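To keep things clear, I will list the structure first and then write my remarks on it.
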Amino acid sequence: MSEIDEVLQEFIIESNENLDELDRSFVALEANPGDQQRVGAIFRAIHTIKGTSGFLGCTRLEALTHAGEEVLSRVRDGKLSLTPQITTDLLTMVDGVRAILRRLETTGVEGTEDFAEQIVRLKAIVSPAATAPTTHVAPAAPVAASKDDHPAEVHAVEAHEGSSVVDGTVRVDVALLDKLMNLVGELVLARNQIIQVGAIAGDATLIGASQRLNLITSELQEGVMKTRMRPIGSVWNKYPRIVRDLSVLCGKSVRLEMIGTETEVDRSLLDAIKDPLVHMLRNSVDHGIETPEARAAKGKAPTGVLALRAYHEGGKVNIELTDDGQGIDPERIRAKALERGVVSAERIGRMTEREITNLVFAPGFSTAETVSNISGRGVGMDVVKTNIERIGGTVELSSRHGHGTTLKVKIPLTLAIIPALVVHLGSERYAIPQVNLLELVRLEAAQARTAIADVHGTPVLRLRGDLLPLVHLRTVLDEPKPAVESEVVNVVILQADDRPFGLIVDGVSDTEEIVVKPLSRELKTVTTFAGATIMGDGRVALILDVVGVAQRANVLTESRERAVSLASKGTGLDQQNGAKDALLLLTRGANERLALPLDQVSRLEEFARGSVEQAGDNQVVQYRGEILPLISLDAVLGPCPTGAEDDGESPLQVVVFSQGGRSVGLVVGRILDIVQDSIVVKPTGKRHGVSGTAVIDGRVTQLLDVRTALGDLNDAA
Amino acid sequence: MPPEKEEGTMEREPRQLCTFYLGGHFYGIDVVRVQEVIRYQDMTRVPLAPRDIRGLINLRGQIVTAVDMRRRLNLPERTGDDRPMNVVVRSDDGAASLLVDEIGDVMEVTTAAHDAVPQTVPQEARALLRGVFKLENRLLLELDIDRIVSCAANAA
């Protein structure tokens with residue numbers, strides 16, 4: 001059982017590799033149909049899959065590849081020349097093979113789909129006269145024949161191909177590489193520790209030995225990191241096919257040039273950039289490159305050129321995507337940005353052309369006149385940017401209107417070990433990834449008084465004519481204030497999502513190479529931390545997630561957050577899980593407890609019962625010169641099951657909400673308390689007016705969905 | 001096919017539990033899930049974390065989350081200067097450390113002595129218990145490690 005599994009596994013891995021190569025070969029062949037060597041290679045790859053699938057008893061796969069092989073053998077023998085139609089049919093066959101392989105991998109069997117349509121189409125190419133009835137019979141005969149004839153040949157082919165590839169390389173399990181990388185991480189930590197000890201002890205031999213250790217560790221680190229590297233071309237393999245399909249779909253003619261396919265990138269990073277790059281390619285084909293007619297009219301060559309270039313520079317991997325299309329029209333961006341409300345008119349007036357073109361990265365932005373199924377839904381480039389920034393990379397866009405666009409992506413070589421700045425807060429240390437760091441500012445007492453200003457209780461820093469929001473790390477982390485506040489202010493200027501802000505810390509120590517370790521699942525909800533690391537002295541230090549810190553401090557209250565809250569609209573409190581929420585606790589009836597987010601409340605009031613007046617069906621009170629409609633909790637939630645606690649005498653407790661200039665009052669039983677708690681919301685059934693339940697102060701409490709409640713109130717009013 | 005480890009634990013006879021004390025109660029966890037027991041370690045507090053997460057421990061280069069078991073089981077806070085012990089357990093999310101008052105012996109228990117958790121035990125505590133073993137002179141409460149380790153993660 002397991003032996004066959006192993007054979008099957010090998011077969012799947014090998015075939016998938018062959019197929020990736022095939023996609024590229026087909027596209028290359030289309031450009032250069034006479035390339036006999038490529039035809040031969042394609043033929044051999046398909047033939048190998050066919051032979052092995054017969055050997056493994058995968059009849060459907062065999063039938064499909066056989067049909068493809070028939071076509072290919074004719075092409076190879078020069079009896080047939082490749083037309084785009086034939087290439088498309090062959091590519092669909094490749095897709096079919098992939099589908100079967102995927103099913104084989106997940107379920108161990110081929111599945112029931114027989115790809116009869118593809119087979120018929122391929123057969124039609126070989127013998128155009130073939131009619132439908134014969135196709136049902138046809139597959140059987142050649143299949144049977146091939147079983148007898150080919151196995152020997154297949155092995156010959158495999159052996160031949162094998163000898164040329166295996167030379168000098170070893171296949172290593174990725175898990176083993178990851179483990180090695182972890183161990184090297186440990187070694188780096190141990191080295192940091194020993195260097196520290198050596199420096200303190202001042203022993204010459206120890207210092208000498210630790211220096212050697214330092215050297216060896218660095219080299220080992222580099223070496224192991226290299227084993228995890230893969231050429232970027234392994235991801236790019238799929239792109240020529242994608243570009244081809246896309247350009248056919250858009251009625252454009254596009255040539256993809258790939259330079260620097262051998263540039264090596266860490267495996268984990270390759271996975272992370274795969275999709276953003278595809279998105280960029282799509283954008284370029286869809287929006288960037290013009291139709292052949294439009295190009296001809298502008299005096300450009302009818303075929304657009306997309307150039308994908310990768311190279312190492314300054315310890316980073318640079319990836320550039322250049323097209324010679326229409327480029328970005330700043331005027332259109334400006335108009336679109338204003339129309340969508342991405343920036344204010346006043347702000348856009350002060351922006352440079354470059355800043356304006358980079359607005360395409362703003363959330364909710366799309367300039368496509370029509371929304372196609374390829375791009376233009378407005379969730380595009382901002383996602384690309386977010387994904388690339390998540391792995392510590394940057395994206396830049398430059399464009400010359402009418403001449404083309406260049407997207408430049410820079411990503412780090414690896415993620416496991418990063419340079420970071422270590423800062424202090426009380427007795428704790430925190431690491432800040434260097435990629436987010438702009439500069440350090442130290443303000444002496446006198447300077448601090450002039451440079452730090454106060455705007456409505458919010459501190460801001462005046463730095464070289466700019467105004468930066470200031471955030472206390474202590475406040476962000478909810479840490480108690482120290483007994484003595486230092487006169488000197490240390491500000492770390494950070495950048496989160498293009499927004500610079502100042503983070504006030506107690507002290508700044510060194511920059512250090514740290515090994516990033518993930519936090520356990522329970523701590524994933526704390527978004528202010530990106531992970532943890534072990535410092536030279538063996539203590540654990542937390543790594544700050546700069547974007548998380550900025551969000552918590554409300555530095556990033558702009559569109560990105562709005563997009564998130566819109567997406568999760570209706571789930572109420574859910575998105576705030578784990579964070580501390582200020583909640584208003586109240587009761588209804590004898591023992592029903594309710595809570596609602598304090599930030600949605602505008603005031604708490606008490607009204608004497610005598611002041612309530614009747615207006616039509618509604619109860620109202622006069623409040624601040626206006627008529628405030630009142631509504632009881634029972635009207636929102638239905639009658640209270642535990643019976644009313646109402647004594648009919650004490651003043652009414654009212655929670656006032658204001659929305660859009662109108663106010664409404666919610667009459668509640670008793671207002672208990674305001675609590676700061678990290679609550680975990682459990683969704684309840686579809687109960688009207690309740691967004692979920694949570695345990696607050698040790699009691700089960702229902703969370704009032706103010707939005708629906710307010711909706712009712714407004715209706716009632 | 002060899003029997004699967006996880007399923008085997010219930011049937012294995014007699015079973016061995018690693019025991020410890022918490023607020024006067026006597027608890028046990030399956031010994032095969034315990035990686036090691038260590039003295040109190042310096043911890044790095046995690047601001048904004050759930051209350052029952054006491055901090056992070058460096059366990060020979062591995063970062064382990066320490067869970068205050070008294071807090072997780074809603075027991076009264078630890079008083080005095082006694083430092084808790086770490087019971088490091090394995091889970092599918094890496095290792096986690098349970099902070100307990102005092103460590104007991106590894107005890108053998110049989111299903112004959114096993115009983116369900118009484119329905120009257122508060123829900124929060126009951127959800128974390130797998131059962132009760134009636135020993136000669138006291139009760140041994142078996143904790144469900146998977147629930148304890150993934151408690152907060154599941155709820156969120």
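Quick note on labels: first sequence line is chain A, next is B, and so on, each numbered from 1. These numbers come from a predicted model, not from an experiment.
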Expected list for residues 526-536 of chain A: side-chain donor-acceptor pairs under 3.5 angstrom, two or more places apart:
unit_1	atom_1	unit_2	atom_2	d
A:T533	OG1	A:V515	N	3.4
A:T533	OG1	A:V515	O	2.8

With a 6.0 Å cut-off (strictly less than), is the heavy-atom count around NZ of B:K134, excluding the residue itself, greater than 12?
yes

Output the option from B:I63, B:N74, B:V67, B:T65 having the highest count of non-hydrogen pairs under 4.5 Å with chain A.
B:I63

As an exercise, state the distance from CG of B:L48 to CD of A:E479, rounded to the nearest 0.5 Å.
8.0 Å

Chain A contacts: which residues in residues 83-91 of chain B have a non-hydrogen atom closer than 4.5 Å to it?
none

Do other residues, nucleotides or ligands put more than 12 heavy atoms under 6.0 Å from B:R39 CZ?
no

In terms of heavy-atom contacts, A:L542 and B:R45 come closest through CD1-O, 3.6 Å

Do A:L519 and B:V46 have side chains that approach each other closer than 4.5 Å (heavy atoms only, starting at C-beta)?
no

Structural part of B:Q62 lying under 4.5 Å from a heavy atom of chain A
backbone

Please list, chain by chain and in numerical order, all residues satisfying ring-ring contact (aromatic ring centres under 6.0 Å, His included) with B:Y40, sequence neighbours excluded.
none

Below 4.5 Å, heavy atoms only, C-beta onward: do B:P47 and A:V476 meet side chain to side chain?
no

Tested for side-chain contact (heavy atoms from CB on, under 4.5 Å) against A:R539, the lone hit among B:I57, B:N58, B:L56, B:D42 is B:D42

Give, as side chain, backbone, both or neither, the part of A:L477 having an atom under 4.5 angstrom from any heavy atom of chain B.
both

In short, ring pair (Phe, Tyr, Trp, His ring centres under 6.0 Å) pairs touching residues 54-92 of chain B with sequence neighbours left out are none

